[in-house]
Amino acid sequence: MSQTSPSSPTAAPDATAPSTRRWWTLVTVALAQLMVVLDSTVVNIALPSAQADLGFSNADRQWVVTAYSLAFGSLLLFGGRLSDLIGRKRAFIIGLIGFAGASALGGAAGTFGMLVGARALQGAFGALLAPTALAVLTTTFTVPKERARAFGIFGAIAGAGGAVGLLLGGVLTEQLDWRWNLYINVVIAIVAIAGAAVFVTSVPRSGPRPKLDVPGTLLVSGALFSLVYGFSNAESDGWDSPLSWAFLAASGVLLIAFVLWQRRAAHPLLPLPIVLDRNRGASYSAILIAGAGMFGIFLFVTYYLQATLRFTPIQTGLGFLPMIVMLVLAAQLSTNIFVPRFGPKVMVPIGMTIAASGMVYLTHLGVTANYAADLLPPLMILGFGMGSTMPAAIQTATLGVDRRYAGVASAMVNTSQQVGGSIGTALLNTLAATAATDYLAAHLPPTPSVVAEAAVHSYATAYWWGAGFFAFGAVLTAFLYRRRAAAPASIDRGEAGAPTDAPEPVVAH
């Protein structure tokens with residue numbers, strides 16, 4: 001078995017566990033991560049059937065998605081810090097049980113209000129589960145070679161989970177019932193709970209129990225709620241909505257207040273060195289930008305396949321499979337070969353450049369297209385680009401963080417992806433809608449063929465902007481990442497008397 005770095009004065013407790021136990025821990029964590037990630041898209045395909053069954057309006061439909069994203073996005077940092085305080089195994093199992101219970105409640109919903117409430121509960125428990133899962137992975141795999149392999153798998157799931165959700169949602173909705181898009185989480189959670197009970201290790205706490213930063217929690221939760229709500233409202237009501245701008249402005253004020261408070265808090269919720277370290281800051285930026293771009297892929301390619309090419313939900317999900325295969329392949333090549341050799345400074349910008357080229361490739365699609373000739377190549381390029389970006393960024397974002405802050409550092413990964421997705425969805429939807437309106441105004445009368453052309457033109461506009469997101473991310477991360485891997489800033493400002501664990505070994509680049 002590989003040994004911990006000789007520079008570490010104390011081996012991490014999890015690092016001494018048998019290797020097979022660690023890999024079973026990875027399987028357990030991967031199941032939890034897949035459940036959380038796919039839930040952001042699996043419900044989307046079920047919405048028309050749920051709407052017909054429960055009888056809610058088109059205007060209300062967005063709340064089935066928004067309720068989840070509001071609770072999830074606003075509580076992520078709190079969930080990550082809570083896992084640091086109560087113990088990761090306990091937080092992981094509580095998150096799994098709560099998420100499964102909320103999913104069962106949503107599947108059994110007889111009214112629209114009950115469904116929305118269940119989705120909000122899912123988001124709340126997901127905000128505890130997602131950062132805890134990543135923190136378990138971070139503290140379990142400290143040996144560089146094993147860590148790279150584990151994060152390759154985890155990053156592939158983080159990138160491909162949305163596409164898996166589209167496929168699974170199509171199959172469940174067509175073959176069973178829309179409610180199984182929620183019930184399926186109960187099945188996954190039961191397996192994950194059993195795995196957590198056996199394989200996830202409880203690390204005994206040393207030193208006094210740390211305190212929760214209540215003012216910081218309220219400030220950042222309010223800021224993230226306002227941010228996600230502002231962008232969600234802009235998506236539905238337009239960018240001229242005063243309510244949208246009021247929430248976005250409130251988010252900015254609360255974020256500034258949060259940063260100022262963290263500088264003087266005795267027990268900060270998010271110690272600022274975590275995000276001010278250049279490599280971690282670059283990684284969080286990459287995840288945010290990739291999240292914005294990925295939502296463009298899933299959202300508009302799904303629209304194109306179903307509305308323009310008339311694919312069924314199952315065919316739509318299957319259409320994304322080649323992208324998933326390429327993403328998984330690239331993730332393994334990246335983490336096991338390329339990142340150890342070249343580092344994130346090379347791999348993340350290259351991955352984003354590849355993804356940008358795939359988005360540009362999508363802009364050539366017309367009203368009619370052949371899937372194999374026209375759509376398959378750009379999807380495979382995008383999969384390879386995302387597989388080269390996400391694992392390297394996620395691994396670097398949590399590298400070297402003090403074990404006591406692994407939960408909140410991991411929560412920043414999920415927060416970046418969630419905020420990026422909210423921003424990307426609102427911006428790209430607005431830009432696409434504006435492009436469609438302008439096209440129709442310039443091509444009167446609006447015949448069915450003109451309307452179809454306008455839709456395809458709006459998708460192309462979204463793809464161009466998505467390509468711009470990735471191109472900007474490539475340039476930004478190329479400048480931000482350090483030229484050579486150095487030990488990230490350690491967080492030694494903690495609870496009085498609490499021992500500071502040695503940082504995890506750094507992968508040699």
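We count residues from 1, following the sequence as given.
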* Rounded distance (nearest 0.5 Å) linking atom CE of Met323 with atom CG of Leu375 -> 10.5 Å
* Keeping the roles fixed (side chain from Ser283, backbone from Ala393), state whether a donor-acceptor pair exists under 3.5 Å. => yes
Extract all donor-acceptor atom pairs below 3.5 Å that involve side chains of residues 352-359 and protein atoms in other chains or at least two apart in sequence.
unit_1 : atom_1 : unit_2 : atom_2 : d
Thr353 : OG1    : Pro349 : O      : 2.8
Ser357 : OG     : Ile354 : O      : 2.6

* At what distance, to the nearest 0.5 angstrom, does OH of Tyr463 lie from NE2 of His364? -> 10.5 Å
* **Student check: side-chain heavy atoms of Leu272 and Arg263 closer than 4.5 Å** => yes
* To do: Over all heavy atoms of both residues, which pair between Leu428 and Trp465 is shortest? Give the atoms and the distance, please.
  => CD2-CB, 3.7 Å
* **Residue list, side chain to side chain contact (heavy atoms under 4.5 Å, CB included) with Leu476, at least two apart or on another chain** => Ser285, Ile289, Phe472, Leu480
N/O donor-acceptor pairs under 3.5 Å from side chains in residues 92-104, not counting sequence neighbours:
unit_1 : atom_1 : unit_2 : atom_2 : d
Ser103 : OG     : Phe99  : O      : 2.8
Ser103 : OG     : Gln122 : NE2    : 2.8
Ser103 : OG     : Asn185 : ND2    : 3.1

* Taking the side chain as every heavy atom from C-beta outward, state whether Val259 and Leu255 have any atom pair closer than 4.5 Å. => no
* Evaluate the side chain to side chain contact (heavy atoms under 4.5 Å, CB included) criterion for residues Thr461 and Thr434: first the C-alpha distance (whole Å), next the side-chain angles of each, then the deciding distance (0.1 Å), finally the verdict. => CA-CA 10 Å; Thr461 300; Thr434 302; over 6 Å; no
* Asked: Can you check whether Trp261 and Phe258 have ring centres sitting under 6.0 Å from each other?
  -> no
* Structure fact -> Separation between CG (Asp374) and OH (Tyr361), nearest 0.5 Å, reads 7.5 Å
* **Exam field: side chain Tyr371 to backbone Gly319, donor-acceptor pair closer than 3.5 Å** => yes
* State the CD1-CG distance between Ile324 and Leu318, to the nearest 0.5 angstrom. => 9.5 Å
* Side-chain (Tyr459) to main-chain (Phe300) donor-acceptor, under 3.5 angstrom -> no
Atom pairs and distances, side-chain donor-acceptor, residues 222-229, under 3.5 Å, sequence neighbours left out:
unit_1 : atom_1 : unit_2 : atom_2 : d
Ser226 : OG     : Gly222 : O      : 2.9

* To do: Kindly compute the distance separating CG (Leu75) from CZ (Phe125), expressed to the nearest 0.5 Å.
  => 11.0 Å
* **Thr396 side, atom OG1; Ile287 side, atom CD1 - distance, nearest 0.5 Å** => 9.0 Å
* Smallest separation among heavy atoms of Pro446 and Leu440, with atom names -> CB-CD2, 4.3 Å
* Structure fact -> Trp464 meets the ring pair (Phe, Tyr, Trp, His ring centres under 6.0 Å) criterion, sequence neighbours left out, with none
* **Considering all heavy atoms, the nearest Leu129-Ala32 contact** => CD1-CB, 4.1 Å
* Answer whether the closest heavy-atom distance between the side chains of Phe470 and Met386 falls below 4.5 Å. => yes
* Arg280 to Pro273 - nearest heavy-atom pair and separation -> NH2-O, 3.7 Å
* Return the set of residues passing salt bridge (charged side-chain N to carboxylate O under 4.0 Å, His left out) with Asp53 (not counting sequence neighbours), or none when no residue passes. => Arg179
* For the side chain of Asn181 and the backbone of Trp178, is there at least one donor-acceptor N/O pair under 3.5 Å apart? -> yes
* Side-chain heavy atoms of Ser251 within contact of Phe247, under 4.5 Å -> no
* Structure fact -> For Phe469 and Gly293 the tightest heavy-atom approach is CD1-N, 4.3 Å
* To do: Specify the closest pair of heavy atoms between Ser458 and Ala436, including all atoms of both residues, with the distance to one decimal.
  => CB-CB, 3.8 Å
* Is there a donor-acceptor pair under 3.5 Å between the side chain of His457 and the backbone N or O of Glu453? -> no
